[in-house]
Amino acid sequence: VFRACFTNSAEAEGLINFQMSSYGAESCGIVYDPRYDFSVELTNIFADKFEEKGGRVVGVHSLIDDDGEKDYVTPLRALAAERPDFVFVPCYAIEATEIIRSARENEIGIRFCGSDTWDNELVFDGAGVRLINTAFASALFEQAFSYRPFQTFFNAMEQAGMDNPDAQ
């Protein structure tokens, strides 16, 4: 048995470093899905590492309500009221799309940061322009990779005269 991708700890650290160095983030909120072990584990690691680096976690909320139903709007509104610099969401692609759509349709203006599970055409196609100002981790980010959303990104960078991004 072996792991062919980065660990949750490395993912959290890379995302935190990016948020702090690129956006000057000092505070974050977290919404997670308690039904998935990876979401719970990544939430805990992210919160601990963010605070270790001097950040402040303003709230951690479940995406599942007390009746076991999905509720994206209530936790996002609660976090938006705390005015974090961004909200970290470790969830799968289909939920990411629903969360982003729910936030934007309900005029919840927060910046999202997602896990590597957001690296999926479902998110790009489902969220569309709602992804603006969103960051997420990707283990597959190479210019030579033929993945359509990445090619769109690289073409836009090239047109803007920007250099090729590198791994953090």
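The first residue in the sequence is number 1, and the count goes up from there. For the numbers below, each heavy atom of this structure counts, side chains included, while hydrogens, waters and symmetry mates do not.
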Treating Asn106 as the side-chain partner and Ile108 as the backbone partner, does any N or O pair qualify as donor plus acceptor under 3.5 Å?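 It does not hold such a pair.
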Pair Leu42-Glu11, side-chain contact (heavy atoms from CB on, under 4.5 Å): steps then yes or no: CA-CA 9 Å; Leu42 195 47; Glu11 179 178 359; 3.9 Å; yes
Work out which heavy atom in Ser9 is nearest to a heavy atom in Ile45; give both atom names and the distance. CA-CG2, 3.8 Å
Least distance between heavy atoms, Val40 atom then Pro34 atom: CG2-CA, 3.8 Å
Return the orientation label for the Phe50 and Phe46 ring planes: parallel under 30°, perpendicular over 60°, tilted otherwise. parallel
Going by heavy atoms in the side chains, are Leu79 and Val31 under 4.5 Å from each other? yes
Taking the side chain as C-beta and beyond, is there a heavy-atom pair between Tyr72 and Glu95 under 4.5 Å?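 When only atoms from C-beta onward are counted, Glu95 and Tyr72 do touch, with a gap below 4.5 Å.
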Kindly state each residue pair satisfying salt bridge (Lys or Arg N to Asp or Glu O under 4.0 Å) with at least one member in residues 64-75, sequence neighbours excluded. Lys70-Glu98
Pairs satisfying salt bridge (Lys or Arg N to Asp or Glu O under 4.0 Å), at least one member in residues 43-64, at least two apart: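 Passing the test, one end in residues 43-64: Glu13-Lys49, Glu13-Lys53.
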Could you pull out all residues at least two apart from Ala78 that satisfy side chain to side chain contact (heavy atoms under 4.5 Å, CB included)?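 For Ala78 the side chain to side chain contact (heavy atoms under 4.5 Å, CB included) partners, ignoring immediate neighbours, are His61.
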With rounding to the nearest 0.5 Å, note down the distance linking CD1 in Ile99 to CG in Leu76.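 With rounding to 0.5 Å, CD1 (Ile99) is 7.0 Å from CG (Leu76).
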Using the rule that two of Ile, Leu, Val, Met, Phe, Trp, Tyr join whenever any of their side-chain heavy atoms come within less than 4.5 Å, decide whether Val58 and Leu63 are in one cluster. yes
May I ask whether Ile100 and Ile64 are part of the same hydrophobic cluster, defined by side-chain heavy atoms of I, L, V, M, F, W, Y residues being less than 4.5 angstrom apart, directly or through others? no
So, using ring pair (Phe, Tyr, Trp, His ring centres under 6.0 Å) as the criterion, who are the partners of Tyr32 when residues are at least two apart?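 Partners of Tyr32 under the ring pair (Phe, Tyr, Trp, His ring centres under 6.0 Å) test: none.
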What side-chain donor-acceptor pairs closer than 3.5 Å can you find for residues 82-93, not counting sequence neighbours?
from  : atom 1 : to    : atom 2 : distance (Å)
Asp85 : OD2    : Glu26 : N      : 2.6
Asp85 : OD2    : Ser27 : N      : 3.0

When you look at Gln19 and Cys113, which way does the side-chain contact (heavy atoms from CB on, under 4.5 Å) test go after all the steps? CA-CA 8 Å; Gln19 291 292 336; Cys113 177; 3.6 Å; yes
